[in-house]
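Notes follow once the structure below has been shown.
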Amino acid sequence: MNDIPTRYDPRKTEDKWYKLWEDENLFAAKPNSDKKPFCVVIPPPNVTGILHMGHALNNTIQDILIRYHRMLGDESLWMPGTDHAGIATQNVVEKAIAKEGLKRQDLGREKFIQRVWLWREQYGSTIIHQLKKLGASCDWQRLRFTMDEEYSKSVIDVFVKLYEKGLIYRGSYIINWCPRCQTALSDEEAPHHELQSNLYYLRYPLKDNPQEFIIVATTRPETMLGDTAVAVNPKDRRYKHLVGKILILPLVKREIRIIADPMVDMEFGTGAVKVTPAHDPNDYALGKKHGLEFVNVMHPDGKMNEFAGDYQDMDRFEAREVILEDLLEQKLLEKITPHTLSAGHCYRCHTIIEPYLSKQWFVKMKPLAKPAIEAVKKGKIKFHPDRWTKVYLNWMKNIQDWCISRQIWWGHRLPVYYCKNCQQSAISKQQSAKNELTAESRKLKAEEGVIVSKIKPAKCPYCGSNEIYQDEDVLDTWFSSWLWPFATFYWPFQQSAKNELTAESNKLKAELEYFYPTSVLVTAPEIIFFWVARMIMSGFEFMGKLPFKDVYIHGTVRDIEGKKMSKSLGNIIDPLEIINKYGTDALRFSLISITAEGQDVFLSKERFEQGRNFANKIWNASRFILMNLESPQDKADLCVFFKKENLSLVNRWILSRFYSTLKAINKDLDNFKFNEAANLLYGFFWHEFCDWYLELIKPEIKTKQNQLVMYKILEKFLRVAHPFMPFISEEIWHLIRNEQASSIMLQPWPHIQEEIIDKKAEIETELLFKIISEIRNLRIAIEVKPEQRVNVSLYPHTKAIASLLEQNSALLINLAKIEKLELLKKNLRPDATITSVAEDIDIYLHFSGLLDIAAEQQKIKDKISLLEKSLNGKNSRLSNKEFMKNAPEDIIVKEKESRDKLIAEIKRLEKMQNELC
RNA sequence: GGGCGCAUAGCUCAGUUGGUUAGAGCGCUACAUUCACAUUGUAGAGGCCAUGGGUUCAAGUCCUAUUGCGCCCACCA
């Protein structure tokens, strides 16, 4: 045993065991008719990702669930993978080639994409290795990537299906445009943040009378170059006489009209609003309604374009400054007032979004949302904690169409083709229709030679031309992620020419049918709209079924000041650094033990010491047991060797405590209360098993019974600890098994042995603990040295307790360091003793020398007054007629019992006090 | 503008359907190092459960208002 060091070193165990698990393929799952499936849906991390604490928390929770269910005997599948993360990955690779002085345009689309794949080959598995470091027991042979050939087929198939169903359309709308990434973004990808800005009041002169102005307020003066009207509320008396008049737009000198629309808020600004239909969603609506001109004054990169006149090629914010200066010079700037506004920001690069008029592809969401709302309303899908249900439903009810086209290169290219010939004839027909939308031109406009097809068609189906080219855009990354629960099973399956599934496809389909719907999705709140809601919608649309039954939303990992961890703030705690310093088990345990359901997690590096210390405690307790273990005990069965009634009190106690704890842990794990389960495990092992049990049995550790029980508890504890701390549990598991044992992860989860739960033994043992603690207190009071033994007399007030003490005197002698223990037959205080009380037992500690009587009396007095306070409460309750009438019977009984106990204890203390005099 | 969360020990937080004297970890104090473990043990100090009002026999827990902090959503020029 000397070869086991006193310090647990995770570095010597963790990689070793992970490799073994992987080599032996222990994480694999396949359909098994004897078992019930359990499947978690992992949020596939970005291929550009590096492990942060959010991942660590998220994946630890999932791994606990998976390992727990695997041990419960469920066929447990964790399908791992990565997400191609269109914009993020493209940005990373663009940065990389920028170091070579290259832009993606220099390389061209094909070569650039080759570079991305190359990059992915080199760096894309970083996050996978890191997940392995974390102990994630994913079925790695199933590793998927959203750009895999098979997966891409699903994505394209879905696009075509939705288009054919009329749920995908193309149109010109104001969308969120990131001038830096130069692509459209969905609403979810453009979160709003508050900005300290100004409200600028501009004077627009009337054409008829240039001395007269209408004053408009705007936060974005640079867009005035694209103004095509000024709007006022029709009820606004201030402006009634001006409606219909012509204004001269300053700087550009364009003639624009004053229009009236109820949308205008009379209270805001001056009550007159400049209308820029091509640069603002509200103005766009006004423009449509009033048939205004749409003047786009910006290039896609945020610089002003040819319609901006003198300001062409200036950046939008630079143009703002210059325009303001020019207006000021022309005395057309009335005033500037401070104003907070909230503006959309690109979720990838944080650039301020430009509302931009452009032609994009959209998914109609309302029809998709319907079943997804129903399922959650009916409780078929449950959110944990429940409050997210409301957030989800609220968003779903107000869902907007989803802009899915992105003007980047890395991603699934739209399965959309255009026929040049048809497009041209559409244009000419439109022109001939002179902007009047006839029925025919409207139809042509819809078609415009658009062909949506899984593969590139050889000829145009409308006109037979072969001049066909593919849309340049790619799909939103989330348009592939939302298919994850079933696209990872290679849905839709390959069919033969006769529309029959091939043998291979049948096998795959059987897998999907076995594992789908999956069990749990574990994710962070910010992903609800991006991914969770959309997966629910796609599940119903394409599988006809919900994708998962439970959604567990964990909190956000923050630093100790409550700030989100981010690179820019420099407050990141790197999980890998923690793993190197303290070990994976320590990281996992610490994280879990502070993650209350759905609450944010506040972290500091020191938190991980708790996990490390716990691992070390487990290590040393196991060492101790191994040192004292006579022979392997694993074959022995408790029930065969000992009947319950033949077990000693402490053994009955610890077994009972183990199963009581296990019962609570099971309940917590089933209810997503991981922190409570972890803390129960911690408290049981450290304080009950180590602090009390092992100390209690030390003197008689070699008895057959003690050998067996301590072994059994350790062995079962390790199994329960395994989902939380997979590595150390595996390591010790192999140390305590002499044979070539199989992995602990394949062991069954201990089942509750109800008959072993023994509340009476728990109460009795805890009474003994109380006596020991009281004696220890007395020893400290008279400053007895720790190693010195003392004489103690006990007076039990009942026969039952007398026999309990008699039978367990050895324990008291041992842990309270007693020389001579005497059980008094009479209720008389022996001479030269100080006293204490533990429920029905009077405790006397003999001493030689002088006693500080005053101090003793004070101590007793304090105790009495504490007890009296609580007694008063009880008396007033019990004398309250309303309480007696309304409180349930068991509460009243309990109250009475504890009142009687208090009275007895106080009496005894008072007697002692008198005897002291 | 709408919605959500949080406020309990010096710090970070637990606290199930209301029911004995409100818990843990860290930190702090005292003592202990031939002892499986000082990454330890024993003992201890430390709480008007944010504030006001209400419901109830009984409130940290339920309702309501207020204050402070944090977050989410929204077409507030």
Side-chain angles (χ1 to χ4, degrees), chain A residues 1 4 6-8 174 191-192 199 216-220 223 231 263-265 267-270 272-276 280-285 339-342 355 385 387-388 390-391 394-395 398 525-526 528-529 555-556 558 560 562-564 582 586 590 593-594 596 598-604 606-607 609-610 612-628 667-668 671 673 675-676 679 682-683 690-691 694-695 698 773 776-777 779-780 783 785-787 866-867 869-870 873-874 877 880-888 890-891 894-895 897-899 901-902:
Chain A
M1 228 22 75
I4 303 179
T6 58
R7 287 279 165 87
Y8 170 61
I174 298 267
H192 283 65
L199 198 54
V216 296
T218 178
T219 53
R220 307 187 52 214
T223 63
M263 226 173 103
V264 179
D265 178 0
E267 305 297 317
F268 191 91
T270 59
V273 56
K274 61 192 260 326
V275 183
T276 325
D280 183 279
N282 281 325
D283 295 5
Y284 176 81
H339 183 72
T340 45
L341 69 117
S342 89
R387 66 188 139 95
W388 295 109
K390 241 171 125 179
V391 176
N394 188 42
W395 187 75
N398 300 305
E526 54 265 34
I528 292 177
F529 306 139
T556 307
R558 299 175 183 281
I560 206 70
K563 293 197 187 99
K564 232 179 187 175
Y582 300 116
S590 289
S593 72
I594 56 172
Q599 284 310 119
D600 286 354
V601 180
F602 291 65
L603 266 190
S604 67
E606 293 74 42
R607 297 303 301 233
E609 286 176 12
Q610 189 197 355
R612 178 206 49 187
N613 294 354
F614 187 41
N616 197 55
K617 190 72 184 178
I618 297 171
W619 182 254
N620 277 297
S622 305
R623 254 183 88 229
F624 173 73
I625 289 168
L626 275 167
M627 287 167 78
N628 289 288
K667 201 177 151 202
D668 287 338
N671 290 301
K673 303 201 168 184
N675 65 319
E676 288 181 35
N679 291 330
Y682 180 94
C690 292
D691 288 351
L694 290 181
E695 293 303 325
K698 247 179 202 175
S773 294
R776 284 171 174 167
N777 271 325
R779 295 172 56 105
I780 284 174
E783 293 176 356
K785 282 186 182 148
E787 68 274 20
L866 194 74
L867 293 174
K869 214 174 109 188
S870 141
K874 282 185 200 313
R877 233 164 288 162
N880 185 328
K881 278 181 196 161
E882 294 298 315
F883 175 77
M884 299 304 283
K885 202 171 78 189
N886 294 319
D890 58 320
I891 295 292
K894 262 191 198 168
E895 284 290 301
E897 274 174 8
S898 71
R899 177 192 60 184
K901 259 189 189 171
L902 279 171

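Below, each value reflects all heavy atoms present in this structure, side chains not excepted, and no hydrogens, waters or symmetry copies. Just so it is clear, the model here is predicted, and its values are computed rather than measured. Residue numbers begin at 1 in each chain, while the letters A, B, ... track the order of the sequences.
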Expressed as a whole number of angstroms, how long is the span from [X]:[atom1] to [N]:[atom2]?
X	N	atom1	atom2	answer
A/Ile891	B/rG18	CD1	C1'	10 Å
A/Glu695	B/rG41	CD	C1'	8 Å
A/Phe268	B/rA77	CZ	P	6 Å

Tell whether A/Arg7 reaches the base of B/rU39 with its side chain through a donor-acceptor pair below 3.5 angstrom.
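Looking at the base of B/rU39, it does pair with a donor or acceptor on the side chain of A/Arg7 (distance under 3.5 Å).
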With a 3.5 Å cut-off and heavy atoms only, can you find an N or O donor on one side and an acceptor on the other between the side chain of A/Lys617 and the base of B/rC37?
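Such a pair is found, so the answer is yes.
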Nearest-angstrom distance, [atom1] atom, [N] to [M]:
N	M	atom1	value
B/rC49	B/rC57	C1'	22 Å
B/rA14	B/rA24	C1'	7 Å
B/rA22	B/rG46	P	13 Å
B/rC48	B/rG23	P	15 Å
B/rA43	B/rG5	P	41 Å
B/rC6	B/rC62	P	10 Å
B/rA7	B/rU66	C1'	14 Å

Under 3.5 Å, which protein N or O atoms sit close to an N or O of nucleotides 27-33 of chain B? Give each pair with its distance.
none

Can you name the atoms? Protein N/O to nucleotides 22-25 of chain B N/O, anything below 3.5 Å, with the distance.
{"unit_1": "B/rG25", "atom_1": "OP1", "unit_2": "A/His687", "atom_2": "NE2", "d": "3.1"}

With distance as the sole test, does A/Asn620 use its side chain to make a donor-acceptor pair with the main-chain N or O of A/Asn616 at under 3.5 Å?
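Present.
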Just by modelled atom types, is the A/Arg607 backbone N or O under 3.5 Å from a matching donor or acceptor in the A/Ser590 side chain?
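Yes, the answer is positive, given that a donor and an acceptor are paired below the 3.5 Å cut-off.
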Can the positive tip of A/Lys698 be found less than 6.0 Å from the middle of the six-membered ring of A/Phe624, inside 45° of the ring normal?
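Yes, A/Lys698 sits over the ring of A/Phe624.
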Tell me whether the count of non-hydrogen atoms from other residues, nucleotides or ligands lying under 6.0 Å of CD in A/Glu267 goes above 12.
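Atom CD in A/Glu267 is not crowded, with 12 or fewer foreign heavy atoms closer than 6.0 Å.
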Grab the stems for RNA chain B, please: at least three consecutive Watson-Crick or wobble pairs, both distances below 3.5 Å, written as range with range.
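In RNA chain B, stems of three or more pairs: B:1-7 with B:67-73, B:10-13 with B:23-26, B:28-32 with B:40-44, B:50-54 with B:62-66.
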Of all heavy-atom pairs between A/Arg877 and A/Glu895, which one has the smallest distance, and what is that distance?
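Looking at all heavy atoms of both residues, the shortest contact is NH1-OE1, 3.2 Å.
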For A/Val264 and for A/Cys690, find the nucleotide of RNA chain B with the closest heavy atom, then tell me which residue's nucleotide is more 5'.
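The residue whose closest nucleotide sits nearer the 5' end is A/Cys690.
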